[in-house]
Amino acid sequence: MSDDSRIESVLSEQRVFDPPADFAERCGGAWVESMEVYRELHEASVEDPENFWGAIANELDWFEPWTSVLDWDAPDAKWFVNGKINACYNCVDRLINMGHGDQAALIWEGEPVGEEGPEVRTLTYRELHAEVCRFANGLKSLGVERGDIVTIYMGMVPELTIAVLACARIGAPHSVIFGGFSAAAIADRVEDAKSETIITCDGAWRRGSVVPLKANVDEAMKSTDHVKNVVVLRRCNNEIDMHVGRDHFWSDLVEDQSDECPCEPMDSEDMLFLLYTSGSTGKPKGIMHTTGGYLVHTYLTSRYTFNLRPGQDHVYWCTADVGWITGHSYIIYGILQNHVPTLMYEGAPNHPDPDRFWEIVDRHKVTHFYTAPTAIRAFMKWGEEHPRKHDLSSLCVLGTVGEPINPEAWMWYHRVIGHERCPIVDTWWQTETGGHMITPLPAATPAVPGSCTLPFLGIDAAVVDKEGHELNPNEGGLLVVRKPWPSMLRGIYGDRQRFIDTYFSTVEGMYFAGDSARRDDRGYFWIMGRMDDVINVSGHRLGTMEVESALVSHDAVVEAAVVGMPHEIKGTGIAAFCSLSPAYQADDHLRDVLREHVAKEIGAIAKPDMIRFTDALPKTRSGKIMRRLLRDIAAGKESTGDMTTLEDFSVIASLRGDEE
Ligand code: WTA
């Protein structure tokens with residue numbers, strides 16, 4: 001186990017920010033209004049999780065009630081056993097039945113800005129219902145059935161949400177692939193999921209140019225023959241090839257479809273979706289989430305963490321991409337269930353200008369804003385003048401997710417965006433946890449910049465040693481969750497052993513998150529970093545071994561080692577050390593070639609920030625790459641540099657007396 005990208009948390013951080021006194025008034029009331037209430041609820045919920053979660057689940061619509069709330073046989077959890085429920089029904093139909101059919105469910109803003117401003121679309125719950133039903137019927141007409149895994153590879157358009165909900169409606173688990181991933185990444189995921197249907201777009205707008213999504217799918221299809229149908233949404237009108245028999249335009253597919261489509265009554269434990277994420281090995285893992293528990297957990301966390309108050313003219317905006325878990329849980333499922341409009345923005349934060357996000361907040365009177373520390377650091381760099389140009393007074397809750405937030409970025413967010421009157425919720429969670437696990441509650445929890453504070457209701461998080469003993473304040477250890485929670489992963493698709501090894505073997509009987517952490521004197525959690533070979537680049541998870549395999553798949557590279565290095569904006573950048581085949585020249589040209597090669601194999605997010613060429617990688621006597629040494633070297637030389645020095649690492653290592 002290595003401690004790649006370990007973030008030293010700031011032990012000296014002493015500033016405490018109490019929830020603003022007028023918060024409840026500005027935000028239309030508060031669900032959890034004080035620390036006393038939080039403590040009481042937390043204690044009771046952890047003591048009797050079944051009672052707690054059962055009561056919340058009763059707020060949703062079930063076709064058939066559950067017979068017991070929890071069946072736990074570590075590592076296997078079943079929540080709401082035998083209950084029958086549909087995710088789309090609870091996100092759409094339920095709200096229509098409650099009388100909210102004509103209210104906005106989804107607000108969307110496109111990236112291009114024409115003379116009359118950007119394109120904006122608003123879908124009410126009723127309109128969303130009709131679109132979802134038509135598309136669900138379209139999928140059925142292609143032969144998609146309950147249980148078939150449907151791959152979705154689209155840009156951030158309303159049809160992405162429509163496609164996700166349509167799959168949920170007919171009981172076909174979706175596997176959304178982030179639009180920034182490459183053809184090779186699509187092929188791997190399609191093969192692993194044995195997916196026969198892909199939904200894509202001709203292209204996606206990104207910073208004024210078109211990302212050729214359909215062409216990437218075509219390329220991926222060369223290395224897999226699982227796919228029978230590709231549905232293509234026209235968005236950018238870029239030139240594309242259509243393969244007769246296989247490819248169908250979205251518009252043709254829905255043309256004659258009815259706008260009624262019954263919801264499949266799914267078992268609580270039927271798979272709702274697969275989402276691939278990076279782990280310690282080169283192969284991304286398909287994290288499986290099921291229906292009932294996931295809905296209950298995302299419903300409650302959305303409501304309490306953000307203090308969403310239906311009927312208060314709230315507009316909630318999460319800037320993540322639906323291709324990541326944050327988008328699944330907190331653009332779509334958790335938010336729609338809460339009857340607060342969810343805003344989706346198609347493009348880049350700095351297109352056409354660096355004030356685009358603040359213009360959106362102002363234009364749509366956004367009340368809840370959820371983003372990643374990496375974005376905040378970029379805004380800091382671009383300058384305060386951009387947010388200052390806009391009226392941000394509608395904001396009442398700010399959130400962050402994806403990586404530890406450095407106190408400087410926290411303070412900037414608080415001051416420049418929140419005008420010192422918006423609580424910041426620093427939410428710790430993972431693809432595997434499905435929903436928030438450790439987070440402040442905006443009206444209750446005093447915040448300390450850089451700490452994700454305290455466990456959510458019903459969550460029994462702890463910092464322990466390998467034997468599972470809780471550590472003393474300020475001692476670093478393993479971050480675990482001791483009791484099951486409703487939205488926990490149910491497995492890794494097709495790899496039972498990896499599921500057990502990764503999450504339930506490090507500390508007996510407990511879920512191990514892969515992060516190290518400590519708790520301070522107040523009991524607040526401070527995330528220190530990943531303990532496996534995963535790095536967090538701009539809040540996106542990447543396995544160092546994935547990048548290494550991409551590098552060695554190029555003829556020039558004999559051996560590669562990839563480590564994280566500090567990066568001003570990304571939090572962690574990617575440093576690659578490569579030894580080359582003698583036929584290749586170690587120069588800048590090759591650096592560019594290799595960076596492009598990694599982009600082709602994985603996606604642009606995985607491009608190394610620094611590539612160093614070396615005769616040989618430093619290794620221990622037993623042949624293990626000395627990653628700590630590489631991390632030190634990478635941390636010392638932040639620039640990509642133009643030097644092609646071939647360093648004799650073993651000499652450095654022996655000088656320093658390193659032996660990992
Ligand atoms: C990191 C994203 C510190 C952590 C929802 C975790 C965080 C990994 C925070 C999961 C936070 C996420 N503070 N670290 N508030 N949120 N992380 O699966 O290392 O993309 O294990 O899920 O991101 O990343 P994932």
Side-chain angles (χ1 to χ4, degrees), residues 3-10 176 178 180-181 274-280 284-287 289 297-298 301-302 305 318-331 333-334 370-376 398-407 409-410 413 424-440 445 447-456 459 461 463 478-481 487-489 492 502-503 506 511-518 524-543 564 570-572 605:
D3 54 355
D4 237 344
S5 81
R6 183 173 35 191
I7 311 269
E8 290 301 333
S9 48
V10 186
V176 182
F178 170 56
F181 278 124
L274 259 187
L275 185 58
Y276 285 85
T277 189
S278 298
S280 301
K285 45 197 182 188
I287 302 298
H289 281 288
H297 193 119
T298 54
T301 47
S302 298
T305 304
C318 165
T319 69
D321 192 286
V322 169
W324 308 107
I325 190 69
T326 306
H328 282 59
S329 301
Y330 300 110
I331 292 178
Y333 289 113
Y370 193 30
T371 196
T374 185
I376 298 167
L398 303 176
T400 80
V401 57
E403 52 181 320
I405 180 165
N406 44 313
W410 196 101
Y413 199 27
I424 295 179
V425 289
D426 174 355
T427 60
W428 177 86
W429 60 295
Q430 311 176 292
T431 306
E432 292 87 341
T433 70
H436 299 155
M437 300 297 280
I438 307 179
T439 175
T445 319
V448 177
S451 166
C452 53
T453 74
L454 295 166
F456 190 79
I459 303 301
V463 176
L478 312 170
L479 179 56
V480 295
V481 187
S487 64
M488 67 193 290
L489 80 164
I492 294 175
T502 311
Y503 306 108
T506 311
Y511 170 83
F512 169 52
D515 284 350
S516 59
R518 68 178 175 87
Y524 279 17
F525 284 80
W526 294 79
I527 308 298
M528 294 159 75
R530 297 285 312 188
M531 297 183 74
D532 50 12
D533 292 316
V534 168
I535 49 179
N536 222 316
V537 181
S538 301
H540 297 151
R541 252 168 90 166
L542 281 173
K570 299 179 176 182
T572 304
I605 51 170

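Atoms within a ligand are numbered from 1 in the order they appear, just like the ligands themselves. Just so it is clear, the structure is predicted and the values come from calculations on it, not from any experiment. What you see below is based on every heavy atom in this structure, not just the backbone, and it leaves out hydrogens, waters and symmetry mates.
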- Taking it one step at a time, do Val463 and Phe525 satisfy side-chain contact (heavy atoms from CB on, under 4.5 Å)? CA-CA 8 Å; Val463 176; Phe525 284 80; 3.8 Å; yes

- Item | Evaluation steps, side-chain contact (heavy atoms from CB on, under 4.5 Å), between Thr319 and Tyr370 | CA-CA 6 Å; Thr319 69; Tyr370 193 30; over 6 Å; no

- Can you tell me how far the CD atom of Gln430 sits from the CD1 atom of Ile287, to the nearest 0.5 Å? 9.0 Å

- So His540 and Trp324, would you call those rings parallel, tilted or perpendicular, with 30° and 60° as cut-offs? parallel

- Item | From CA spacing to verdict: side-chain contact (heavy atoms from CB on, under 4.5 Å), Tyr503, Phe512 | CA-CA 5 Å; Tyr503 306 108; Phe512 169 52; 5.8 Å; no

- Every residue of the protein that comes under 4.0 Å of ligand 1, judged on heavy atoms: Ile325, Thr326, Val401, Gly402, Glu403, Pro404, Asp426, Thr427, Trp428, Trp429, Gln430, Thr431, Asp515, Ile527, Arg530, Asn536, Arg541

- Message: Assess the residue pair Thr305 and Tyr330 against the criterion (side chain to side chain donor-acceptor pair (under 3.5 Å)); give the C-alpha distance rounded to whole Å, side-chain angles, the decisive distance to 0.1 Å, and a yes or no.
- Response: CA-CA 11 Å; Thr305 304; Tyr330 300 110; 5.9 Å; no

